[in-house]
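For reference, the structure discussed in these notes is given below.
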Amino acid sequence: GKHFVFLDIKTSGTSLLVVRTTGEAKPVELRQKVSGVLPDWSPDGKWINFLDRKEGWTIVSPDGKESRSFG
């Protein structure tokens with residue numbers, strides 16, 4: 001894949017980040033205050049599924065520009 005998604009867990013909260021897998025790319029924070037449940041890619045690689053603490057199950061595009069919540 002072109003991107004790797006991961007959680008950044010700190011005392012202030014957990015964030016969802018994505019980073020390109022080529023070279024020494026800088027991680028981009030997609031969302032803050034997410035649950036500690038591991039994120040998952042959709043089969044087509046166009047969405048990242050994660051558990052938002054306020055919105056519930058949510059999908060977000062790898063660039064962070066689009067998202068949809070499912071409660």
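Note that this is a predicted model, so its numbers are computed, not measured.
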For the residue pair [X] and [Y], what are the closest heavy atoms and their distance?
X: Phe50; Y: Pro39; value: CB-CB, 4.4 Å
X: Leu30; Y: Asp63; value: CD2-C, 4.0 Å
X: Gly45; Y: Pro62; value: O-CG, 4.0 Å

Thr58 side chain vs Ser69 backbone, donor-acceptor pair below 3.5 Å: no

Glu66 backbone acceptor or donor facing Ser61 side chain under 3.5 Å: yes

State, with a plain yes or no, whether a side-chain heavy atom of [X] is found less than 4.5 Å away from one of [Y].
X: Phe6; Y: Pro27; result: yes
X: Trp57; Y: Val37; result: yes
X: Val5; Y: His3; result: no

Criterion side chain to side chain donor-acceptor pair (under 3.5 Å) against Ser15, the qualifying member of Gln32, Arg31, Glu29: Glu29

Could you grab the distance from atom [atom1] of [X] to atom [atom2] of [Y], nearest 0.5 Å is fine?
X: Ile48; Y: Leu16; atom1: CD1; atom2: CG; result: 6.0 Å
X: Asn49; Y: Leu38; atom1: CG; atom2: CG; result: 11.5 Å
X: Trp41; Y: Lys46; atom1: CH2; atom2: NZ; result: 13.0 Å

Evaluation steps, side-chain contact (heavy atoms from CB on, under 4.5 Å), between Glu55 and Phe70: CA-CA 8 Å; Glu55 302 292 327; Phe70 298 99; over 6 Å; no

Connected via hydrophobic side-chain network under 4.5 Å: Val28 and Val19: no

Same apolar cluster: Val34 and Ile59, side chain cutoff 4.5 Å: no

Step-by-step side-chain contact (heavy atoms from CB on, under 4.5 Å) determination, Asp8 to Lys10: CA-CA 7 Å; Asp8 184 20; Lys10 298 180 181 176; 3.0 Å; yes

